[in-house]
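Chain identifiers are assigned alphabetically (A, B, ...) following the order of the sequence lines, protein sequences preceding nucleic acid strands; residue numbering begins at 1 within each chain. None of these values were measured; they are calculated from a predicted model.
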Amino acid sequence: MSKPTPNHFIRSIAKNDLANGKHDYIYTRFPPEPNGYLHLGHAKSICLNFGLAEDLGGKCNLRFDDTNPEKESMEFVESIRDTVEWLGFEWDQLCFASDYYERLYQFALELIDKGLAYVDELTPEEMREYRGTLTEPGKNSPHRDRPAAENRDLFERMRAGEFKEGEYTLRAKIDMASPNIVMRDPILYRVRYAHHYRAGDAWCIYPMYDFTHCISDALEGITHSLCTLEFQDNRELYDWILANITLEENLVGERGKLMPKQIEFGRSNLEYTLASKRKLIQLVKDGHVNGWDDPRLTTLVGLRRRGYTPQSIRDFCAEIGVTKKDATIEMTVLENAIRHDLEATAKRVFGVLNPLKLVITNYPEGESETFTVKNHPKDESMGTREIPFGREIYIDQDDFMLDPPAKFFRLGPGREVRLRYGYAVTCNDVITDDDGKVIELHCTYDPLTAKGQTPDGRKIKGIIHWVSAAHAVDAEVRVYDRLFKEPNPGAADDFVALINPESLQVFPDAKLEPSIKDADPEARFQFERVGYFCFDAVDNAADKLVMNRTVSLRDTWAKQSGK
RNA sequence: UGGGGUGUGGCCAAGCGGUUAAGGCACCGGAUUUUGAUUCCGGCAUUCGAAGGUUCGAAUCCUUCCACCCCAGCCA
């Protein structure tokens, strides 16, 4: 099922580092901030980091980059851990940047003592003015040349809680005229009187990302620190910090004094979806979707609930590749990945979403029979099952047309179709209600056509699925479509206006074959001729089945008929 | 207009001076089929952002130009 490991530029770099002896093994890390749920974009990073370690014989840590107490929580940590495990990856160590707070603090002191960091008291507004612009250099803060001893004293007092939020910051002393704005004396620490979900109230100063990340990598002995393109400018600072602190050999692991190397890759965006955390929050908060795990969302919890398998997501990530440019991926690539997996693994079953009763008038009343059918058309190992058949059955309304076009192979007045695995039936009467809506079909069956036979050799092109009315199991089936009408909703001013009003379609009266009742709640199915389905992990119950359509089958008829 | 990046078919993406420019998705044929599914076979870039140049030979090297993305949070 899984494809051969595709090569990409980061894999080449890592392999080369191994080949020339720079590293004995590679060590990566997946470093999310626990401030939200993971989405498909994270899956790319997870597959890259964990996959590279798996592939080249190395290790990968799961590290929570939790340096901003205001946004983070244990709920997110747990969800992220759970999702990484669900995808099938194992981390070497489970790490938290917050576990490094004390060491980080000591490194900050070292920079201060070396005259490479200073405490500043510029207000945020002043800070912005002093920073300069993209084309103009910044200027030095009046506090930049404070003596080291005074900086140390001030920084210790910052930690001790003597100052208000925003009053003081610790900044690296680099170059206010650097063409790279990241290097214009970046802030290393800020004062924040916020409760940290892990560190509690032990700290009132918190290290910034740029200071924390590189040191965390070094402490863990990471060899290749992979991140997205927008951090390219930050790499210079990453290297500067590591070059200016004293890392004892034992802290950088078995690779001696080699520093971790940051390598950036491009993000992948899926068409018709949103990845922006802010916008996702709005969708959830305003009730446009039903929670973070809404099956229309490309959060990993959403995809999971929708029925996507870990394998399909890993295959998808392998398929889109890893390059240095941001990519826009068509939805069909994701759909192909899940269809490919489920085609091979999903048990076949009959399900009618939109039932239309069909009465076989020449079939004896009160009688029934069962057909033994294959659970998979090609995989014999998946076995067989029994499906009951009787005088009254349900077929899908889509499989009948009052006035069908010539190429429509299904049922219509006077037409004959085969009931899959059963008999051929011919439609003689169409019963309509007062509004002219078709509510029932009267047909006759040909007893000689059992089991796919046609003794007279006539060709029956149309084959439809069905469920015995007397044995049918009721279910609610939810069918999903793209959440947005436009390929790039994130680019619009008002993305909410672009929501597809038909993104969720509920079939409250679906009729399923009885074997579904005994199925594993985790199982995935193909409703023959319709699509792939799974039980809804939240709303499904023994007394009320609720199923989700993961993805439809390819439908060349729908394409032809221009639906 | 400062700095950092990227440009290969509709969407991804291999390619690293000599290949008929991989592969996947999509699309278009056609075969098989008790799922209009699957599978199978065939088609789909004389051309690699553009223009020059180097070379026997360039998507790959050089020059210039063009387009797009990122950076001025006490977010990550």
Side-chain angles (χ1 to χ4, degrees), chain A residues 3 6-8 12 31-33 35 65-68 70-71 120 122-124 127-129 131-138 165-171 178-184 186-192 206 208-210 212-213 227-236 264 266 268 271 277 318-337 339-340 343-344 348 350 373 376-378 407-410 418-422 424 449 451-454 460-465 487 526-531 552-561:
Chain A
K3 316 206 153 105
N7 202 24
H8 51 71
S12 299
E33 182 187 13
N35 68 345
D65 217 343
D66 53 355
T67 56
N68 185 358
E70 279 148 340
K71 294 183 173 175
D120 204 352
L122 253 29
T123 65
M127 194 88 72
R128 197 181 320 121
E129 284 165 26
R131 190 153 34 224
T133 68
L134 295 177
T135 52
E136 298 158 330
E165 284 189 10
E167 208 173 350
Y168 286 95
T169 57
L170 181 72
R171 303 178 69 181
S178 172
N180 180 358
I181 291 172
V182 171
M183 299 299 276
R184 317 241 261 230
I187 291 173
L188 267 21
Y189 270 88
R190 74 284 213 189
V191 176
R192 202 106 310 169
Y206 289 92
M208 300 288 287
Y209 163 83
D210 284 305
T212 309
H213 205 92
C227 63
T228 41
L229 253 25
E230 69 270 26
F231 292 103
Q232 287 176 121
D233 290 345
N234 301 248
R235 187 175 63 236
E236 192 179 354
E264 311 85 12
S268 294
E271 284 189 340
K277 202 158 292 177
E319 203 55 66
I320 62 177
V322 178
T323 66
K324 239 167 151 33
K325 71 176 183 199
D326 291 323
T328 304
I329 313 294
E330 291 178 345
M331 191 70 96
T332 53
V333 180
L334 215 211
E335 291 177 344
N336 177 256
R339 284 196 186 111
H340 179 78
E343 155 60 27
R348 270 57 171 176
F350 281 170
V373 306
H376 188 103
K378 290 176 180 165
K407 297 283 273 292
F408 186 79
F409 305 150
R410 286 106 99 149
R418 173 171 294 285
L419 298 174
R420 174 147 231 242
Y421 295 125
T449 57
K451 297 188 169 127
Q453 297 163 330
T454 39
I460 303 171
K461 180 76 177 162
I463 298 153
I464 64 174
H465 58 99
Q526 183 195 98
F527 288 4
E528 293 209 38
R529 304 205 314 126
V530 181
S552 68
L553 250 36
R554 278 201 184 83
D555 190 347
T556 47
W557 165 245
K559 214 174 294 172
Q560 278 174 37
S561 58

Ignoring backbone atoms, test whether Lys461(A) places a side-chain nitrogen or oxygen under 4.0 Å from the OP1 or OP2 oxygen of U34(B).
no
Can you name the nearest heavy-atom pair linking Thr67(A) to Arg190(A), along with the distance?
O-NH1, 3.5 Å
What distance, rounded to whole Å, do you find between the two P atoms, one in C48(B) and one in U60(B)?
9 Å
What are the two closest heavy atoms between Ser178(A) and Met183(A), and how far apart are they?
OG-CB, 3.5 Å
Between CD of Glu271(A) and P of G10(B) the distance, given in whole Å, is 14 Å
Of the non-hydrogen atoms in Asn7(A) and Ser12(A), which two are nearest, and what is the gap between them?
ND2-OG, 3.3 Å
By the 4.0 Å heavy-atom rule, please label Arg339(A) as base, sugar-phosphate, or nothing.
nothing
Give me the distance, rounded to whole Å, that separates A58(B) from U20(B) when you measure between the P atoms they each carry.
14 Å
Look at all strands and tell whether Ile187(A) reaches a base, only sugar-phosphate, or nothing, counting heavy atoms closer than 4.0 Å.
base
Between G49(B) and A13(B), how far apart are the P atoms? Round to whole Å, please.
14 Å
Between His465(A) (NE2) and A37(B) (P), how many Å, whole number?
14 Å
When you compare the side chain of Ser552(A) with that of Arg339(A), does any pair of heavy atoms fall below 4.5 Å?
yes
Any Thr133(A) side-chain nitrogen or oxygen under 4.0 Å from OP1 or OP2 of G2(B)
no
Check every strand shown and say whether Leu134(A) touches a base, only sugar-phosphate, or nothing at a heavy-atom separation below 4.0 Å.
base
What closest approach, in Å, do Glu271(A) and Thr328(A) show between heavy atoms, and which atom pair accounts for it?
CG-CG2, 3.6 Å
Remember a base hit wins even if backbone is also touched, and classify Phe408(A) as base, sugar-phosphate or nothing at under 4.0 Å, heavy atoms.
base
Any side-chain N or O of Arg190(A) under 4.0 Å from OP1/OP2 of A76(B)?
yes
Counting the atoms with a prime plus P, OP1 and OP2 as sugar-phosphate, which does Leu170(A) contact under 4.0 Å by heavy atoms, base, sugar-phosphate, or nothing?
nothing
Between C44(B) and A22(B), how far is it from one C1' atom to the other, in whole Å?
15 Å
Do the side-chain N or O atoms of Lys559(A) get closer than 4.0 angstrom to the phosphate oxygens (OP1, OP2) of C27(B)?
yes
Nearest-angstrom distance, C1' atom, C66(B) to A72(B)
26 Å
Arg131(A) vs G73(B): side-chain N/O to OP1/OP2 distance below 4.0 Å:
yes
Per-pair stack call Trp557(A) and G36(B), 5.5 Å, 30°
yes
Check Leu188(A), Ile187(A), Leu122(A) against Thr169(A) for a side chain to side chain contact (heavy atoms under 4.5 Å, CB included) and give me the one that passes.
Ile187(A)
Should Arg348(A) and Glu343(A) count as an ion pair when the cut-off is N to O under 4.0 Å?
yes
I need the CD-P distance between Glu264(A) and G4(B), as an integer number of Å.
13 Å
Here the gap from Asn336(A) atom CG to Arg554(A) atom CZ, rounded to the nearest 0.5 Å, amounts to 5.5 Å
Please confirm whether any donor atom in the side chain of Asp233(A) sits under 3.5 Å from an acceptor in the base of G3(B), or the reverse.
yes
Base-pair map of RNA chain B as dot-bracket, where | denotes pairing with a different strand and pairs are Watson-Crick or G-U under 3.5 Å
.(((((((.[[[..)..(....]]].(((((.......))))).....[[[[[..)....]]]]])))))).....
One thing to verify: whether Glu33(A) and Lys71(A) come together as a salt bridge, which I'm taking to mean a side-chain N less than 4.0 angstrom from a carboxylate O.
no
Could you tell me whether Met208(A) contacts a base, only the sugar-phosphate backbone, or nothing, with contacts defined as non-hydrogen atoms closer than 4.0 Å?
sugar-phosphate
So Val322(A), base contact, sugar-phosphate only, or nothing? Heavy-atom distance under 4.0 Å.
sugar-phosphate
Can you tell me, in whole Å, how much space there is between the C1' of G18(B) and that of G23(B)?
22 Å
Would you indicate what Ser268(A) reaches in the nucleic acid, counting non-hydrogen atoms under 4.0 angstrom: base, sugar-phosphate, or nothing?
nothing
In whole angstrom, give the distance that lies between atom CG of Leu229(A) and atom P of A76(B).
20 Å
Interatomic distance where CD belongs to Glu319(A) and C1' belongs to G24(B) [whole Å]:
4 Å
When rounded to the nearest Å, what value does the distance between C1' atoms of U47(B) and A59(B) take?
9 Å
Expressed in angstrom and rounded to an integer, what is the separation of Asn234(A) atom CG from A76(B) atom P?
11 Å
Look at all strands and tell whether Thr556(A) reaches a base, only sugar-phosphate, or nothing, counting heavy atoms closer than 4.0 Å.
sugar-phosphate
Considering only nitrogen or oxygen atoms on both sides, find all protein atoms under 3.5 Å from nucleotides 39-43 of chain B and state each distance.
{"residue": "U39(B)", "atom": "O4'", "partner": "Lys378(A)", "partner atom": "NZ", "Å": "3.2"}

Per the atom types in the model, does the base of G36(B) pair as donor or acceptor with the side chain of Arg410(A) at under 3.5 Å?
yes
Within a strict 4.5 Å, meaning less than it, do heavy atoms of the Ile460(A) and Thr454(A) side chains meet?
yes
Taking OP1 and OP2 of A76(B), is either one under 4.0 Å from a side-chain nitrogen or oxygen of Thr67(A)?
yes
Regarding Glu70(A), tell me which of base, sugar-phosphate or nothing describes its non-hydrogen contacts under 4.0 Å with the strands shown.
nothing
Phosphate OP1/OP2 of A13(B): any Thr323(A) side-chain N/O under 4.0 Å
yes
For RNA chain B, whose closest nucleotide is more 5', that of Tyr189(A) or that of His8(A)?
His8(A)
Considering every strand and a 4.0 Å limit on heavy-atom distances, what is the contact class for Phe231(A): base, sugar-phosphate, or nothing?
base
If you take atom types as modelled and just measure distance, does the side chain of Glu136(A) reach the base of G2(B) with a donor-acceptor pair under 3.5 Å?
no
I need the CZ-P distance between Arg128(A) and C71(B), as an integer number of Å.
16 Å
Arg171(A) has an atom CZ; how far is it from atom C1' of A72(B), in whole Å?
12 Å
Taking only residues two or more places apart in sequence or in another chain, which ones pass side chain to side chain donor-acceptor pair (under 3.5 Å) with Glu167(A)?
none
Minimum side-chain heavy-atom gap Phe350(A)-Tyr421(A) below 4.5 Å:
yes
When the C1' atoms of G15(B) and G24(B) are considered, how many whole Å apart are they?
16 Å
Go nucleotide by nucleotide along RNA chain B from the 5' end; which of Asn180(A) and Glu33(A) gets its closest nucleotide reached first?
Asn180(A)
I'd like to know if Arg348(A) reaches the base of U35(B) with its side chain such that a donor and an acceptor end up less than 3.5 angstrom apart.
yes
